[in-house]
Trainee: 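Can you keep this structure in mind? I'll have questions shortly.
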Protein chains: 2
Amino acid sequence: MTEHDLGVLSAAAVIVRKLPRQRFIDEGAEAIHFFTMSEGTARIFKTLADGRQQLVSFASRGDFLGLAVASRYAYSVEAIDAVSYCRFSRPDLRALLRDFPDMEKRLLEITCHELILAQEQMLLLGRKSARERVASFLILRISRSAARGLEPTHGIPVSLPMTRSDIADYLGLRIETVSRTLSSMKQDGLIRSDASAHGVLIANLAALDACAAGA
Amino acid sequence: MTEHDLGVLSAAAVIVRKLPRQRFIDEGAEAIHFFTMSEGTARIFKTLADGRQQLVSFASRGDFLGLAVASRYAYSVEAIDAVSYCRFSRPDLRALLRDFPDMEKRLLEITCHELILAQEQMLLLGRKSARERVASFLILRISRSAARGLEPTHGIPVSLPMTRSDIADYLGLRIETVSRTLSSMKQDGLIRSDASAHGVLIANLAALDACAAGA
DNA sequence: CGGTAACTTGAGCCGCTTCAATCCGCGTGG
DNA sequence: CCACGCGGATTGAAGCGGCTCAAGTTACCG
């Protein structure tokens, strides 16, 4: 979603702020609203009866939430850090799509792109080993991390603002496995520690890439 | 996709037939065409370098193939049984969308629905046990199997036209695990054998449902 | 500094995979 | 009509990758 679209949308929408851990979409609830993220990061996830969770994706600025063909939300969404978003009703969305026909095309493009990402994630969840999953995740995160003044001597910086628990729920692993895998990758010189646990430096991108691809 | 849409599309398209095992979309190839399935069943899948496969979905009559935001196909597609489909070029699709504006809305709806299915599958692949996966799969197949003259005394018939290998690749398991799980479900009275390996009868839907939901 | 939540590390276990041996169904040809 | 062959399915035994349970360690915040 472009900055221009966001502008148009926010004019018709209510702006809402949420603190970390607050939930603002509930899987199975009546789908009344649509949302576009304008600040922060949120976790989109599904839950099984006994509490097992699968994180379907991370949402950040520009992402579209509240997707539902039937009248109920297909997933829950919680703020990871401080989040703000635009909220608008289904009738308002319909009006917007009428007034800005290009937006429908864009919406289709976005949804197709999400579907492709979802399929890539199915490959990861169904067929990749723990190490391959973590490698894939780190590579995915490169684009999300501002590469300001990159210094190849130390490695490509990757920020991991979410907890290990979020990463584990995203990769279909347990937190211990994520932690162990990161340690083992440090051992093998693939990555290096950044300050704190919420960031790493990629020391050997080629090797990490090969690992992510399943080689 | 409705029968009416299929009619409109087939008027502008080339109709092609494929025999079992023939591939007609190649992951990574230039995405020149779009496709709509008109007969048979196909496997949509992604592949890793060493041959591991993840089946992303089964395609049958009315399903839309060739999705690609970038210019390359995101997955491969192969015929499972005898398949026929309509093929048309991207410019033709654009013309169709111009001439039938409602089709874009429908395309968006279809894609949203696929995305929701994909997310459900992520939950399955990331968090469900083998038994829960097979239970989920059988329940999913109920709707695909014509429930002609259902006889609750013998169980709800479910047809499994694909091989165990396809099921395994869809569920992120090995064929041996699928086979063992089905046997164990028979043992436990959840399902019964139909004639041949390509069909079962669901004997205890409630229990199977509970299992699929992770209870 | 104290307390808590997040992260790391270790040891043992379990579910799924791997490897291997049948078994079954079906089409083919003698 | 039956023997044969072949691909798919089933079953068995052993191994291993990721999970579970548990004990530290570190980072963060009052």
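Every chain is numbered from 1 and lettered A, B, ... according to where its sequence line falls, protein lines coming before strand lines. The structure displayed is predicted, hence computed values, not measured ones.
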Trainee: Does the separation of the ring centres of Phe34(B) and Phe64(B) fall below 6.0 angstrom?
Mentor: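 Yes, ring centres under 6.0 Å apart.
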
Trainee: Residues in side-chain hydrogen bond (donor to acceptor under 3.5 Å, both in side chains) with Arg52(B), at least two apart?
Mentor: Glu132(A), Asp50(B)

Trainee: Tell me the closest heavy-atom pair linking Thr181(B) and Arg131(B), and the distance in Å.
Mentor: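 Closest pair (atom of Thr181(B), atom of Arg131(B), distance): CG2-CA, 3.7 Å.
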
Trainee: Compute the bend angle of the helix from dC1(C)-dG30(D) to dG30(C)-dC1(D) from the end axes (five pairs per end), rounded to 10°.
Mentor: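 Between the axes fitted at each end of the helix from dC1(C)-dG30(D) to dG30(C)-dC1(D) lies an angle of 30°.
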
Trainee: Could you list, one pair per line, each protein nitrogen or oxygen that sits under 3.5 Å from a nitrogen or oxygen of nucleotides 19-22 of chain C, together with the distance?
Mentor:
from, atom 1, to, atom 2, distance (Å)
dC19(C), N4, Glu176(B), OE2, 3.1

Trainee: Indicate whether any N or O donor in one side chain lies under 3.5 Å from an N or O acceptor in the other, for Arg144(A) and Ser159(A).
Mentor: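 No, no side-chain donor-acceptor pair sits under 3.5 Å.
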
Trainee: What are the two closest heavy atoms between Leu201(B) and Ser193(B), and how far apart are they?
Mentor: CD1-O, 4.3 Å

Trainee: Think Ser179(B) has a side-chain N or O under 4.0 angstrom from the OP1 or OP2 of dT10(D)?
Mentor: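 Yes, because at least one side-chain N or O of Ser179(B) sits under 4.0 Å from OP1 or OP2 of dT10(D).
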
Trainee: Let me know the distance between NE2 of His198(B) and C1' of dG25(C), rounded to the nearest Å.
Mentor: 10 Å

Trainee: Can you list, by residue number, the residues of residues 125-135 of chain A that have a non-hydrogen atom closer than 4.0 angstrom to DNA chain D?
Mentor: Ser129(A), Ala130(A)

Trainee: Does Ser183(A) have a side-chain nitrogen or oxygen under 4.0 Å from the phosphate oxygens OP1 or OP2 of dT9(C)?
Mentor: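 So the side-chain polar atoms of Ser183(A) do come within 4.0 Å of the phosphate oxygens OP1 or OP2 of dT9(C), strictly under.
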
Trainee: Atom CD1 of Ile80(A) to atom C1' of dA6(C): distance rounded to whole Å?
Mentor: 15 Å

Trainee: Is the distance from the ring center of Phe88(B) to that of Phe35(B) below 6.0 Å?
Mentor: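 Ring-ring flag for Phe88(B)/Phe35(B): false, centres at least 6.0 Å apart.
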
Trainee: Report yes if the distance between the aromatic ring centroids of Phe58(B) and Tyr170(B) is under 6.0 Å, otherwise no.
Mentor: yes

Trainee: Identify, residue by residue, the members of residues 39-57 of chain A with a heavy atom below 4.0 Å from DNA chain D, and return them in order of residue number, or none.
Mentor: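 Going residue by residue through residues 39-57 of chain A, none turns out to have a heavy atom under 4.0 Å of DNA chain D.
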
Trainee: Which heavy atom of Cys211(B) sits nearest a heavy atom of Ala135(B), and at what distance?
Mentor: SG-CB, 3.8 Å

Trainee: Can you tell me the distance, in whole Å, between the CG atom of Leu182(B) and the P atom of dT11(D)?
Mentor: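 Atom-to-atom, Leu182(B) to dT11(D), this comes out as 10 Å.
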
Trainee: Between dA9(D), dA6(C), dC19(D), which one does the side chain of Arg21(A) approach most closely?
Mentor: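 Of all the options, the side chain of Arg21(A) is nearest to dA6(C).
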
Trainee: Under a 4.0 Å threshold between the charged nitrogen and the carboxylate oxygen, would Lys46(B) count as salt-bridged to Glu27(B)?
Mentor: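 Yes.
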
Trainee: Please state how far atom CZ in Arg164(B) lies from atom P in dC23(C), giving the value in whole angstrom units.
Mentor: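 About 19 Å, once rounded to whole Å.
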
Trainee: Pull out every residue in residues 168-175 of chain B that has a heavy atom closer than 4.0 Å to any atom of DNA chain C, ordered by number, or say none.
Mentor: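 Going residue by residue through residues 168-175 of chain B, the ones with a heavy atom under 4.0 Å of DNA chain C turn out to be Gly172(B), Leu173(B), Arg174(B).
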
Trainee: Report which part of the nucleic acid Thr163(B) touches: base, sugar-phosphate, or nothing (heavy-atom distance under 4.0 Å, all strands).
Mentor: sugar-phosphate

Trainee: Please report the shortest heavy-atom distance between Leu138(A) and Met185(A), naming the atom on each side.
Mentor: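 Between these two residues, the closest heavy atoms are CD1-SD, 4.2 Å.
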
